[in-house]
Amino acid sequence: MQIKELLLQSPSQQTVTVKGWVRTKRVSSSVAFIAMNDGSTIHNIQAVVSDGAVSEETLKLVTTGSCIAVTGILIPSQGQGQSVEVQVSAIQVYGTADPEKYPLQPKKHSLEFLREIAHLRPRTNTFSAILRIRHALAFAIHQYFNDHGFFYLHTPIITGSDAEGAGEMFRVTTLPAINPPLTEDGKVDYKEDFFGKETNLTVSGQLEGELGAMALSKIYTFGPTFRAENSNTTRHLAEFWMVEPEMAFFELTDNMNLAEDFTKSLISYALENCADDIAFLEKRLLEEEKMKKKEEQSEMTLSEKLRFVSENTFERLTYTEAIDILLQSKPHKQGKFNYPVAWGIDLQSEHERYLVEKHFKKPVILTHYPKDIKAFYMKLEDDGKTVRAMDVLFPGIGEIIGGSQREDNYEKLLQRTKEVGIEEDSIWWYLQTRQFGSAPHAGFGLGFERLVLFVTGMSNIRDVIPFPRTPKSAEF
RNA sequence: UCCUUCUUAGCUCAGUCGGUUAGAGCACAUGACUGUUAAUCAUGGGGUCCCUGGUUCGAGCCCAGGAGAGGGAGCCA
C-alpha cells in the first residue's frame, strides 16, 4: 500500500507492509524511529522498532537513503506529528546506502548542489513536491482540453522546415561528423542524409497544429520542443515542454478568453489537488523570504498569489496603450529604464515587469503588437501596422503565453513570407490551408515549465523539470 | 553571447595586513539516553584551499590565463 493511502487509514490490528526510502532514523536505547517516504505524498510514515523486534545487524543497514520494506501493525501514534505509525515486526532491506557516501543528508541542501545530483534530488521533499505538481498540471491540461472538445494532436518532433523562426534549431542527422558527403560546391550534401534533406528538432508544433485545426476544429499539442539558443537565464531551457492549442473559428478575443480561462483553471486544479505540496513549498518560500531584505519580500504567500491569479480578471490592453503607460511612468520620466521607450520597440523585461508587477499588479494580456516585431503568420490588423497578437505576462515569470489570430488570407500570408524571407517551397503545405477552405483561426503556446515555475513558486526553471537541458549541460 | 559575483571538509560557510600547525555549524562514526519528529548530549575521524602559470624569503589571500557555478541582460515559451 502506498504511504499516501496508509496515512489515511484508521489504526487496526491488520498487518501492513510499507516500502520506501529511509529519510531519517532516530535511535534511543530501547526504541528506534524510521521516517520513510515512497514519493506518493510529501508526508513520511513513521516506523517504530521496539527493542529486539529486529536484529541489530539489520537495523544497522537502515540508514538515510536506503530502501526497505517494513512489516508490522498500523497503530495509533503515541507521539506528536502523525496519527498512525507502523509497529514493526520485520524489516527487509532492498538496497543499502553507505552513509559516508550518500550525498543527501537529513539537512537543508542548496538548489545548486541538488542540480548537480539531479539523479537523486527527486528523493527530497522539495523536488518530489515539484514533480507531483508538475504531473498534476500535465494531467489537468489534458483534462481541460478533453472537457472542452479539443483533440490531442501529435505533431512531429523531427521537422523538415525551419520556417517558424522561433529560434536556433538543433540539427538532426545521421551523416558522419568527419568527412560527410559533399556537394560539388563543397557544402554538406543533405540529399545523402537519412531523410534526404536537412532536418531539425522542432521549435514549435504550431504550423502542424494549424493543419489539424483546419480539420478537427479544436486541437492541442503538448510535447517537447527544442531551442539551440545560447540562453543562460532562469527562464530558458534548450529542451522544454510546450502546450499549443489551435482553434478554427476563434478570433483574437476568443483566444484571449481561452488562454485566461485555461491558465486559471490549471492553477485552481493545483490548489485543489496539490494542497499538501503547495503548503510545503509555501513554507519553504517563507523561510527563504526571511533571508531577503524587507522591500524585496513578496506581499503574498504562494497560495495567496495562486488564488489571487485564479480569481481575478487578467488586465487586457493593446501594445499602444502599454507604451503610453510606460511613457507616463515614473521610471521613464526619471530615466530609470535601461532601454528607451517608443512605439515600435520590442518591450524589454524591465518594461514588462513594470506593467505587471508595479502598474497593474496582476497578469496582463498585451495585444496588437507592431507587425515588424512579430512572426509572419500573425493576422494583420486593418490599420496595416499591427497584428492580432497576444502575450500573457505573469508576475515574476514574464511571458508565459504567446499567441495570435493567424493570417487566414492567402495573398496577405504569402506577402508576409516574402517580406521575412521564407521560401515558398519550404512551407507550401502550410500556405495551401489558406487556399483550400481557409478559416479564421487562432492559437497560443504556453511554456509548461513557466507554468510549473509559477505554481511551485520556484525561481529557476532548471528546478521544475527533472533533468534540465541547458547550454553546456546535458548530464543524466 | 555580454555584464557581474563566486569556487576552502560530504554540505553551508568563516578565514584579519601575504606569515609558520586552515576553522565553525551541520552531516558521518562511536558512546550515552524508555517515544523521537532535521531528537538531544559527549567524543572522534575527515582538506589537491577549482586548475595552470607567475610575483614573493613565504600565497587559501596578490597577478595572468583557463574551467565550473550563481545572478542580471539579450533571444523567447
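Quick note on labels: first sequence line is chain A, next is B, and so on, each numbered from 1.
Nucleotides G44(B) and C3(B) place their C1' atoms 47 Å apart, quoted to the nearest Å. The separation of U21(B) from C61(B), taken at their P atoms, amounts to 16 Å, rounded to a whole angstrom. Using atom C1' as the reference point in both U36(B) and G19(B), the two lie 49 Å apart (nearest Å). Taking atom C1' on both C62(B) and G71(B), the two are 27 Å apart, rounded to the nearest angstrom. One P atom belongs to G47(B), the other to A9(B), and the distance between them is 11 Å to the nearest Å.
If you check every strand for non-hydrogen atoms under 4.0 Å, Q78(A) touches a base. At the heavy-atom level, K60(A) lies under 4.0 Å from the strands shown only through sugar-phosphate atoms. Residue contacts for V27(A): at a heavy-atom cut-off of 4.0 Å it reaches a base atom on one of the strands shown. No engagement by R23(A) is indicated, since no non-hydrogen atom pair under 4.0 Å with the nucleic acid exists. Here Q80(A) lies in heavy-atom contact (under 4.0 Å) with a base. Q46(A) comes within contact range of at least one nucleobase, with a heavy-atom separation under 4.0 Å. Among the heavy atoms of the strands lying under 4.0 Å from Q82(A) is at least one base atom, whether or not backbone atoms are also near. As judged by a 4.0 angstrom heavy-atom cut-off over every strand, S77(A) is placed among the base-contacting residues. Residue contacts shown for D391(A) are absent, as no nucleic acid heavy atom lies under 4.0 Å away. Using a 4.0 Å heavy-atom cutoff across all strands shown, S110(A) reaches sugar-phosphate atoms only and no base atom. Residue L237(A) is classed as a base contact, given a heavy-atom separation below 4.0 Å to a base. Across all strands, G79(A) comes closer than 4.0 Å to base atoms (heavy-atom distances). Among the atoms of the strands shown, only primed sugar atoms or phosphate atoms (P, OP1, OP2) are found under 4.0 Å from some heavy atom of R462(A). Using a 4.0 Å heavy-atom cutoff across all strands shown, P99(A) reaches sugar-phosphate atoms only and no base atom.
Below the 3.5 angstrom threshold, one finds a donor paired with an acceptor across the side chain of R450(A) and the base of C76(B). If you check distances only, the side chain of S231(A) does reach the base of C75(B) with a donor-acceptor pair under 3.5 Å. The base of G10(B) sits with one of its N or O atoms less than 3.5 Å from a complementary donor or acceptor on the side chain of Q105(A). You'll find a donor-acceptor pair under 3.5 Å spanning the side chain of H236(A) and the base of C76(B), going by distance alone. For a distance-only test at 3.5 Å, the side chain of N44(A) fails to qualify as a donor-acceptor partner of the base of U37(B).
Between E246(A) and K218(A) there is no salt bridge, since no side-chain nitrogen of the basic residue lies less than 4.0 Å from a carboxylate oxygen of the acidic one. With salt bridges taken as basic N to acidic carboxylate O contacts below 4.0 Å, none links R450(A) and E399(A). The residues K60(A) and E56(A) are annotated as not salt-bridged, no charged nitrogen and carboxylate oxygen being separated by less than 4.0 angstrom. Salt bridge annotation for D38(A)-K4(A): absent, with no cationic side-chain nitrogen under 4.0 angstrom from a carboxylate oxygen. Of the charged side-chain nitrogens involved, at least one lies within less than 4.0 Å of a carboxylate oxygen, so that R134(A) and E449(A) count as a salt-bridged pair. Looking at R416(A) and E419(A), a side-chain N of the basic residue comes within less than 4.0 Å of a carboxylate O on the acidic one, giving a salt bridge.
Base pairing annotation: C62(B) forms a Watson-Crick or G-U wobble pair with G54(B), both donor-acceptor distances under 3.5 Å. Across all strands shown, A67(B) pairs with U7(B); the Watson-Crick or G-U wobble distances both stay below 3.5 Å. Pairing for G35(B) is absent, judged as Watson-Crick or G-U wobble with the two contacts each under 3.5 Å. Nucleotide U12(B) forms a Watson-Crick or G-U wobble pair with A24(B), both donor-acceptor distances falling under 3.5 Å. With a cut-off of 3.5 Å on both Watson-Crick or G-U wobble distances, the partner of A42(B) is given as U30(B).
Taking only side-chain atoms of Q87(A), from C-beta outward, the nucleotide of C75(B), G35(B), G71(B) with the closest atom is G35(B). Across G71(B), C76(B), G25(B), the shortest atom-to-atom separation from the side chain of K107(A) is found for G25(B). The side chain of S28(A) sits closest to G35(B) out of G74(B), A77(B), G35(B). Closest to the side chain of T234(A), from the set A73(B), G71(B), C33(B), is G71(B). For E100(A), counting side-chain heavy atoms from C-beta on, the closest listed nucleotide (C76(B), C28(B), C11(B)) is C28(B). The side chain of F113(A) has U12(B) as its nearest neighbour among U12(B), C75(B), A39(B). Side-chain proximity of V48(A) to G74(B), G35(B), U34(B): nearest is G35(B). Nearest nucleotide to the side chain of E85(A), out of U36(B), A73(B), A39(B): U36(B). When distances are taken from the side chain of P106(A) to each of U1(B), A77(B), C28(B), the shortest belongs to C28(B). Comparing atom distances between the N460(A) side chain and each of U36(B), A38(B), G71(B) picks out G71(B) as nearest.
The aromatic ring of F448(A) does not stack onto the base of A77(B), failing the criterion of a centre distance under 5.5 Å from the six-membered base ring together with planes under 30° apart.
Residue T64(A) has no polar side-chain atom (N or O) positioned under 4.0 Å from OP1 or OP2 of A27(B). Side-chain N/O atoms of R235(A) include one lying less than 4.0 angstrom from OP1 or OP2 on A73(B). Contact between the side-chain N/O atoms of R26(A) and the OP1/OP2 oxygens of A39(B) is found at a separation under 4.0 Å.
Checked by atom type, the side-chain pair T24(A)/R26(A) shows a donor-acceptor distance below 3.5 Å. Side chain to side chain, S77(A) and E85(A) meet the donor-acceptor criterion of an N or O pair below 3.5 Å.
Of the two residues contacting RNA chain B, namely V31(A) and N232(A), the nearest-nucleotide position lying further toward the 5' end is that of N232(A). Residue-to-nucleotide proximity on RNA chain B shows that, of P471(A) and Y339(A), the 5′-proximal contact is made by P471(A).
Atom-to-atom, CZ of R353(A) to P of G74(B) comes out at 10 Å; the value is rounded to the nearest Å. Between E112(A) atom CD and G71(B) atom P there is a gap of 6 Å when expressed in whole angstrom units.
Proximity of V452(A) to L137(A): side-chain heavy atoms (C-beta onward) are separated by under 4.5 Å at one or more points.
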